Structure formats: C-alpha cells, structure tokens
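First comes the structure, then the notes that go with it.
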Protein chains: 2
Amino acid sequence: MGITIKDVAKQAGVAASTVSRVISNNPRISEATKKRVRKAMKDLGYHPNIHARSLANKSTQAIGVVLPSSDKALQNPFFPEVLRGISGIAHEQDYSIYISTGITEEEIYEGVKRMVHGNRVDGVVLLYSRVNDRLHDYLIENNFPFVVIGKPYHQIDAITHIDNDNITAAKTITNYLIDLGHERIGFIGGDRDLVVTLDRMQGYHLALEEANLPVKEEYHIHEEFLKSGGQEAVHKLMSLTEPPTGVVIVDDLMAFGVITMLDEFGLKVPDDISIVSFNNIYLSQLTMPPLTTVDIHIYELGVQATKCLIEKVKNKLEPAKRIIVPYTIIERNSAVDKK
Amino acid sequence: MGITIKDVAKQAGVAASTVSRVISNNPRISEATKKRVRKAMKDLGYHPNIHARSLANKSTQAIGVVLPSSDKALQNPFFPEVLRGISGIAHEQDYSIYISTGITEEEIYEGVKRMVHGNRVDGVVLLYSRVNDRLHDYLIENNFPFVVIGKPYHQIDAITHIDNDNITAAKTITNYLIDLGHERIGFIGGDRDLVVTLDRMQGYHLALEEANLPVKEEYHIHEEFLKSGGQEAVHKLMSLTEPPTGVVIVDDLMAFGVITMLDEFGLKVPDDISIVSFNNIYLSQLTMPPLTTVDIHIYELGVQATKCLIEKVKNKLEPAKRIIVPYTIIERNSAVDKK
DNA sequence: GTGAAAGCGCTAACAC
DNA sequence: GTGTTAGCGCTTTCAC
C-alpha cells in the first residue's frame, strides 16, 4: 500500500533522486522536469514516507511537546491554550506535533528519552519549569534542541526560554490590591517546585515589603493548581482570627475554586474579600464576578516558544535566547476598595 | 549521536538480528542471550529508532488525533478532556500521539492525508462527526483504521464509533425542565453541521412533542459552540415577547456565555430563567450557579475510542463497533421550578 | 537458537 | 541538470 518515489520517477521518466530533488525544491532542477514530476506526483497521489525520509536525513519534521507530569494537566486551560499557539506556528511551518504525557515524573522523563534517542522529534518544548529539573540537564547533555516556557532554575543563560516577568507582574498586581486600601493580603500559590510559583511569590513579597506591610506566614498558602487544592487553601486561610481582606492567587482556575469555596462560607467576592489572579484564561470573564487578573498572553508564549525552537532546530548554533512576553493587568470585578 | 542495534550486537557478541529478536521478545532466543543483550542495551543506553523500525515493518507506534477545523477548538474543555482519555490509554499501550490541527476544513483534510499516506500513524481518531464528512469516505476508501467520537452521518454500520445516546439524553434533560413545570422551553444549539447538534435537537423535539408542547421556531437558536455565539443567541431569544422560561443548551461552555449575557440583561439564573446543558466539564460546578447538566463522560469517550482504535490497528479485520457511553444527569442549581 | 543478507523508501554524495 | 549508488537502522526471510 503505497506509491513510492520510484513509481513517481518511472511515471515521470526520471531517476528517483530527481524526484527527491523536486520535493526539496532543489534549484538545479529545470522548471520543465519539476513540472513533469509534480504532475506525476499528483496523478499518482504520492505522499512521501516520513520514516524513510527521517531515516535518510536524520530529521523528522516534528516537535515534541512536554506537559507536566500529572494525569490532569490538560484540565487547566493554560495548557490547551499554549498548545494552540504552538500548533499554529508548527502547522504554518509544516511541523507536526507529538505530545508526550505521563502521570509520574519518571514516566515523562522516559518519554522524553524515547523522543530524543528514538529520533522521534527534532526538538522539544517544555511547557513548565521545575526547580532542579533533570530534564533540562538531560537535554543539555545530549545537545538536543529545546526551549522552555517559564524560567529555568539553573543554567538560565544556556537555555532558551520564553517567560513573563512574573516577579514584576506579581508585584504590580499586589500593589493593585494595596492601592485599593488592602493591608491584610494573602497569597495562594501552586506547586512550590514550579519556578513560576516562586517568582510570583517573590513579587508579592516585594510589594508588601515596599509598602511596609507585614509578610505573615499564615497568609501564605501553597497547594496544587487545581480546584481541590484551592478549596483546601481557602479553608485554612479564612479560619484565621484576622483573615485577609484581599488575596493574590497564582492561577485563575484556582481562583474559581476559591470563589466557590468562599461562597460556601457565605463570603462574597468582591464584597467580603477581594481577589486577583493570573493567566486570564478565557473563562475569567465568564465567572461571577469576572476576575481581575494578569493576562500573561498564553497563546503568545506558545507562538514565541515554537518560533525559537524551530530556529534552533534549523541551526544548532543559534544562541540561547530569553524572550519576555509582556503582561497586561485586566481589571474586572473581583477586587474592590477595602471599605 | 546514536547507539544502534549494531553497537548493541557487538557489545553483546551477537548478530544484529538477534538483538532485534530480543527486542520483540522472540521466544526462540535463549534466556541467556536475552539477558546478555538486555544488559548491553542498558549499558549502552540504547533506544530503538522508530523511523527505521517503521520503515522496516510498516508500523509506527503512533495514533493520530484529529480536532475539528478551528483555531480554537482546544478552548472548549471537551477536547482536552477527550485527549486526556486518549493519551491515558495510548501511553499505557506504548503508543505515541500525533495531533493534527488546522483552521480550515481543507487543511485538516490535507493533514489527515499526510498522516495516512505518509505512514505517520497506524490509525486515527476523529474527535467529532460532521454531516457528510468526506474524511469518513476518504478513510474508508483507503481502508485505514479509524474510529470516530460521535455518530457518523452515513455508513454508520461500517464505522466504529463511540458516542452517547444524545437523542435520549436530550429528551431526558428536556423532560427534566418539563417536569419542573416549564412550558416555554428554548434550545440553543451549536454548529448545525455537527451530528451531535442534530441529535440533541431531535431529543429536545421529541420531549416537547410527547408533552404536547409546541415546538416554536423562534425558541430555537443555532450558533457556534463558543462564548460569543452563546451571547448572540441569548440576545435574540430574550427579545421575544414571550421569552422561554427554560432553555436547553448543547454545551456547558456556551451555557456560561449565556449566563453572563443574561446577567447583563438583569436576568438571573435560575430565578428568572432555568438552564440545563451538556458535557459536565469540570467548570460546570464552579460557576454561579453551578450547572445542571448531562455528564457525557468525556474522558471515557476518549478511553473507549482509543481501545477500539488500537484493536483495529492490530487486527484490520476487527469488525466495526458502536459503543454507547452512558450519560448521567447531574442536578445542580441552574434549573428550578417554574413559579 | 543464531547469523547473513536483502530490503523498507528516501536522501546525499559523487559522477558525468 | 540528472543519473547512480551507497547507506540511514531496523526487521525478516532463509540458511545452518
């Protein structure tokens, strides 16, 4: 089952290599034969076999996308949204996308190894950055093209990465709350292993310090990104004798969970407590109240990452880059003046 | 860069073919040499090159996943969620996942052609079913293994598909509204080209007819699945002189849009109008109010589809199947008694 | 139980 | 400008 390059060659009355050259649009082939060969390809319904091609020239036209280890990473709209950006560019440049998932860290590590050694993909984009991530070391050691979305914890100058300025962003959004008159401001973070959590926390601290507001340990909660985590967090926070009047949450999805939970306590956002968060996933405008959040331009992160990766794939010597995608504060109705 | 089967062979003091047999766990190889070869593989850090393998035996260990043509299909949590199901099983069975997107119907058609003829994948799963979809014909003509999530419009007995009983589900959820005392019930559907829209609409009609309720054309609106569509729909519907008191919406995400829009009109769900919808995406419980919706077990759709596909890939003669994943009505707070 | 050799479909020297 | 040839890394007869 398959029309091969030989069939096309025969049909067009040329050698297989000529057909190959036509495919790669080699300038040394005359327009006349190009036309003839193309016609033959079309008539026969020829499609090149990528495996043969990859075997011969050691390049797949594919990039690997690595999701964080979890069985539900895809539940956070952040990932589908970066994926959209990635697949937009990949498609445009005729690259296919391989997705690699795994529910344990070990599984995803193995998956990447298979991708790399098995020559499945030309490069990979990591959709997250973990503290001391051995994947980074592994990819560097193997001199395999990759980019990370987020900020690498080590070797930051050696790794091309696309990130937001999460420290400043967090500082800005915290200041937003401070300017509204809030003095007791909580923080609900995600996985402490993720660099993004650390950065946003740092920005939050910076803002408090500059405003001479106390950084209280008990206002400070870490859980997973998803809903259930958010709910636990709220429970702890609101049981305090002096609960915060405003809270910075690292992720919109988590913020939804928090709002719902508060509702169960009879607390309304923003009347009883103000909330700001991050990401501006498309749902943030649909909730009640719509969220005041930091738009980090997720789609753009995917686009830039993919562009960089493809550059790097095409030219291994391409220097490591850092691209900071600007953020935008989206003011909606989840945070108000402290009364 | 690359340890090949020859390196392993040399290291283990055997021929390449022996190594190959060890990889495929051929019973004719003695346990002793197996052990020796495996050790060599491990010591050398050997990983098979899939392209070479695919070339030689015409099988990739990969399945293709086809999203509907759109630049934002991934925005609807339905797709990431099926993808989770798919990747769970695929991973378990050591298949990789290729995703194919495209923003026009033509692009995705071409993408599938490349997958099929280029021998990129062993089979594909289509995540939607469109009326008169030429992809179905194409795949059948080429005798290429595929399954569809949803109900094929034609050749239904020749195509393995995983679906819900959307007609009955829609009828049931409409009856739910009727039992609550609603008599003026609207319907907001998605793309009319999608079989799922048609089925759910039919169920809605059936319920109205059985209850001797009039099927009014003006209660009946079609738009795209996403937010903007939902908003337009509401605008039309609520401008009626006798607006509905309840409405059936084919998609949770669309329902969110509707709720928000109603809010802008000063109408509250469920006090002023009741809403029921479909899918039970994880956000349906987080909105205010939480949605009464039909849980169609999206994850399970992905799981079943992938299992069927892999069976079919392994055995081309596997008969066409239909698997109906049961639905569950999730009662929450978006629909109440008509007062 | 294991080795030798041919070949999967393509590309990339090297010829001319 | 185009043909010839030798692999790419693996699987799979066919020998022994």
Side-chain angles (χ1 to χ4, degrees), chain A residues 1-38 40-41 44-62 94 114-122 314, chain B residues 1-38 40-41 44-62 94 114-122 314:
Chain A
M1 156 185 176
I3 306 294
T4 79
I5 207 171
K6 285 188 183 171
D7 301 321
V8 177
K10 191 173 293 174
Q11 170 96 353
V14 297
S17 51
T18 301
V19 177
S20 175
R21 290 188 185 105
V22 172
I23 291 171
S24 56
N25 205 10
N26 186 318
R28 288 149 60 137
I29 301 291
S30 71
E31 276 310 318
T33 38
K34 272 190 187 171
K35 205 158 277 174
R36 205 147 35 88
V37 170
R38 293 220 176 90
M41 296 199 298
L44 264 40
Y46 170 75
H47 285 262
N49 179 319
I50 4 145
H51 300 296
R53 183 207 290 261
S54 302
L55 229 209
N57 70 4
K58 303 189 127 312
S59 115
T60 76
Q61 280 268 109
D94 261 320
R114 273 205 308 269
M115 279 192 171
V116 172
H117 280 111
N119 248 283
R120 260 164 230 255
V121 297
D122 293 339
K314 290 189 172 157
Chain B
M1 158 187 173
I3 307 293
T4 78
I5 206 170
K6 284 187 183 171
D7 301 323
V8 177
K10 193 173 292 174
Q11 171 95 353
V14 297
S17 49
T18 301
V19 177
S20 175
R21 287 193 257 262
V22 172
I23 291 171
S24 56
N25 206 11
N26 187 318
R28 288 148 60 136
I29 302 291
S30 71
E31 276 309 318
T33 38
K34 272 190 186 169
K35 206 159 273 175
R36 203 146 35 88
V37 170
R38 293 221 176 89
M41 297 199 296
L44 264 40
Y46 169 76
H47 285 262
N49 179 319
I50 2 145
H51 301 296
R53 183 205 291 260
S54 301
L55 230 210
N57 70 5
K58 303 190 126 311
S59 115
T60 75
Q61 281 268 109
D94 260 319
R114 275 206 305 272
M115 280 192 172
V116 172
H117 280 111
N119 248 285
R120 259 165 230 256
V121 296
D122 292 340
K314 291 190 171 155

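Letters go in sequence order (proteins before strands), and every chain restarts at 1. All figures in this text were calculated on a predicted structure; none of them were measured in a lab.
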Derivation and outcome, side-chain contact (heavy atoms from CB on, under 4.5 Å), residues B/I23 and B/I5: CA-CA 10 Å; B/I23 291 171; B/I5 206 170; 4.3 Å; yes
Within 6.0 Å of NZ in A/K10, more than 12 heavy atoms from elsewhere: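 Incorrect, the count does not exceed 12.
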Please check the phosphate of [N] (OP1 and OP2 only) for any side-chain N or O of [X] closer than 4.0 Å.
{"X": "A/S20", "N": "C/dT11", "answer": "yes"}
{"X": "A/K58", "N": "C/dT11", "answer": "no"}
{"X": "A/T33", "N": "D/dG1", "answer": "no"}

Min side-chain heavy-atom separation A/R21-A/R28 under 4.5 Å: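 With C-beta onward as the side chain, the pair stays apart.
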Check: D/dT11 base within 3.5 Å donor-acceptor of B/S24 side chain: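 By the distance-only test, no, there is no pair.
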N/O donor-acceptor pair, side chain B/S17 with base C/dA4, under 3.5 angstrom: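 Answer yes: a donor N or O sits under 3.5 Å from an acceptor.
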Residue met sooner reading DNA chain C from 5', once B/A56 and B/A15 are mapped to nucleotides: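 Between the two, 5'-proximity favours B/A15.
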Among [options], find the nucleotide with the atom closest to the side chain of [X].
{"X": "B/I5", "options": "D/dT2, C/dG9, D/dC10", "result": "D/dC10"}
{"X": "A/R21", "options": "C/dC14, D/dG9, C/dT2", "result": "C/dC14"}
{"X": "A/R28", "options": "D/dC10, C/dT11, D/dT2", "result": "D/dT2"}

side-chain contact (heavy atoms from CB on, under 4.5 Å) evaluation trace for A/R36 with A/T33: CA-CA 5 Å; A/R36 205 147 35 88; A/T33 38; 2.8 Å; yes
